[in-house]
Amino acid sequence: MRFDELMEKGNQLRKENKYEEALDAYQAALKVDKRRPEAWNMKASTLGLLNKTDEAIECFDKSLELDFNNEQTWFLKGMTLFAVNRFNEADSCFDKAVNADPHNPVYWKYKGMVLSQLNQNADALKCLDNALELNPEDDAVLVFRHTVVEALEKEE
């Protein structure tokens, strides 16, 4: 099979929640062409779904070796780290994503969420406000923003 066919197969299996089989497809795609960051990212995020965080991080790192400036890879790595409460590392990844694409409200949202987890609520609020400025319809940000404002009021 060709690289694109293997990736599509992996994506379809993933949609069906067949993560181990999807992983096999992504691994086969990487045997065809190991220099494709998108294959490393899909393998990594699938490993993350299987709670294989350390392996997932290794794959994201391989992807970043190929394309260090890929903000989506930084974001996905940050999400994986965030999911296992590695907040300082996640923050560093979200920083790189936000700096690469400051117009992406999702990057700002998660940057704000991780800063809140790190008890940096004033900075978290700024990030959430940036997210809302870019996407005022995001109710989840509005709700979370309220929580951060309450935390700030308790600090005073």
Side-chain angles (χ1 to χ4, degrees), residues 1-120 123-124 126-128 130-132 134-135 137-141 143-145 147-148:
M1 283 185 133
R2 291 183 8 250
F3 178 86
D4 293 336
E5 292 169 337
L6 291 163
M7 289 298 293
E8 184 54 42
K9 179 181 177 184
N11 294 343
Q12 186 57 46
L13 289 164
R14 215 177 119 117
K15 286 178 190 166
E16 297 168 10
N17 299 324
K18 297 177 180 173
Y19 301 130
E20 292 287 351
E21 293 172 54
L23 205 53
D24 291 341
Y26 298 133
Q27 190 57 45
L30 285 164
K31 283 183 181 168
V32 172
D33 187 351
K34 66 180 186 225
R35 303 219 29 95
R36 301 283 289 271
E38 66 271 25
W40 287 108
N41 287 349
M42 292 307 295
K43 179 180 179 184
S45 61
T46 305
L47 284 164
L49 291 169
L50 292 167
N51 296 316
K52 297 179 178 180
T53 307
D54 291 334
E55 289 177 65
I57 299 304
E58 287 175 22
C59 290
F60 283 128
D61 288 343
K62 285 191 194 292
S63 179
L64 290 165
E65 285 174 22
L66 298 169
D67 183 4
F68 187 77
N69 296 316
N70 186 330
E71 77 264 7
Q72 186 177 20
T73 305
W74 285 112
F75 176 72
L76 292 170
K77 182 179 178 183
M79 292 291 290
T80 302
L81 292 162
F82 186 87
V84 293
N85 301 331
R86 289 167 62 179
F87 300 127
N88 284 312
E89 294 168 90
D91 180 42
S92 176
C93 292
F94 292 145
D95 259 349
K96 288 182 175 64
V98 161
N99 288 331
D101 184 3
H103 301 291
N104 188 322
V106 176
Y107 296 169
W108 284 111
K109 173 166 80 173
Y110 283 94
K111 173 85 175 142
M113 290 172 69
V114 79
L115 287 172
S116 172
Q117 292 296 321
L118 293 167
N119 292 316
Q120 297 176 25
D123 290 334
K126 290 176 191 169
C127 292
L128 296 171
N130 285 341
L132 282 172
L134 294 165
N135 181 11
E137 306 298 314
D138 192 333
D139 291 337
V141 174
V143 170
F144 193 72
R145 185 186 186 283
T147 304
V148 171

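Predicted model, so just to flag it, every value in this text is computed and none were measured. Heads up: numbering here begins at 1 and tracks the sequence.
Taking OG1 of Thr46 as the reference point, atom CD of Gln27 lies at 11.5 Å (rounded to 0.5 Å). Atoms SG and CD, from Cys127 and Gln120 in turn, are 9.5 Å apart once rounded to the nearest 0.5 Å. To the nearest 0.5 Å, atom CD of residue Glu71 and atom OG1 of residue Thr73 are 8.5 Å apart. If you take CG on Asp91 and CG on Leu115, they are separated by 5.0 Å, rounding to the nearest 0.5 Å. Here the straight-line distance linking atom CZ of Phe144 with atom CG of Leu132 works out to 12.0 Å at 0.5 Å rounding. With rounding to the nearest 0.5 Å, the separation of CZ in Arg145 from CG in Asp139 is 14.0 Å.
By the side chain to side chain donor-acceptor pair (under 3.5 Å) test, Glu20 is found to be paired with no residue, residues two or more places apart in sequence or in another chain being considered. Looking at residues two or more places apart in sequence or on another chain, you find a side chain to side chain donor-acceptor pair (under 3.5 Å) between Glu89 and Arg86. In this view, Tyr26 satisfies the ring pair (Phe, Tyr, Trp, His ring centres under 6.0 Å) rule with no residue, not counting sequence neighbours. Every residue was checked against the side chain to side chain donor-acceptor pair (under 3.5 Å) condition with Thr80, not counting sequence neighbours, and none meets it.
Listed here is the closest heavy atom pair of Ala90 and Gly78: CB-O, 3.4 Å. Between Cys59 and Leu47, the shortest heavy-atom contact is SG-CD1, 3.8 Å. Across all non-hydrogen atoms, the minimal contact from Ala131 to Pro105 is CB-O, 3.5 Å. Gly112 and Ala124 make their closest contact through O-CB, 3.2 Å (heavy atoms, listed as atom of the first residue, atom of the second, distance). In plain terms, the two heavy atoms of Lys43 and Leu30 that are nearest each other are CD-CD1, 3.8 Å. What you find for Lys109 and Val141 is that their closest heavy atoms are CD-CG2, 3.2 Å.
A donor-acceptor contact shorter than 3.5 Å links the side chain of Ser45 to the backbone of Asn41.
At a threshold of 4.5 Å between non-hydrogen side-chain atoms, the residues Arg14 and Met42 count as touching. In this structure the side chain of Glu65 never reaches within 4.5 angstrom of the side chain of Trp40, judged on heavy atoms. A 4.5 Å side-chain heavy-atom check between Tyr110 and Val106 finds at least one atom pair inside the cut-off. Residues Trp74 and Phe68 are in side-chain contact: their nearest non-hydrogen atoms beyond the backbone lie under 4.5 Å apart. Residues Asp138 and Asn135 meet the side-chain proximity criterion, which asks for heavy atoms closer than 4.5 Å. Looking at Leu64 and Lys77, their side chains come closer than 4.5 Å, going by heavy atoms from C-beta outward. Contact check for Leu128 versus Val148: side-chain heavy atoms found under the 4.5 Å cut-off. Two residues are said to be in side-chain contact when any heavy atoms from C-beta on lie closer than 4.5 Å; Thr147 and Ser116 fail this criterion.
Other residues, nucleotides and ligands contribute only 12 or fewer heavy atoms inside 6.0 Å of the CD atom of Gln72.
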Donor-acceptor pairs under 3.5 Å, side chain of residues 1-9 to any protein atom, not counting sequence neighbours: which ones?
| unit_1 | atom_1 | unit_2 | atom_2 | d |
| --- | --- | --- | --- | --- |
| Arg2 | NH1 | Glu5 | OE2 | 3.4 |
| Glu5 | OE1 | Arg2 | N | 3.0 |

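When each of Phe75, Phe87, Tyr107, Trp108 is paired with Phe94, the side-chain contact (heavy atoms from CB on, under 4.5 Å) condition holds for Phe75 and for no other.
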CA sep, side-chain torsions, deciding dist, call: Lys111, Asp123, salt bridge (Lys or Arg N to Asp or Glu O under 4.0 Å): CA-CA 9 Å; Lys111 173 85 175 142; Asp123 290 334; over 6 Å; no
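Every pair passing side-chain hydrogen bond (donor to acceptor under 3.5 Å, both in side chains) that includes a residue from residues 30-39 is listed here, sequence neighbours excluded: Arg36-Glu38.
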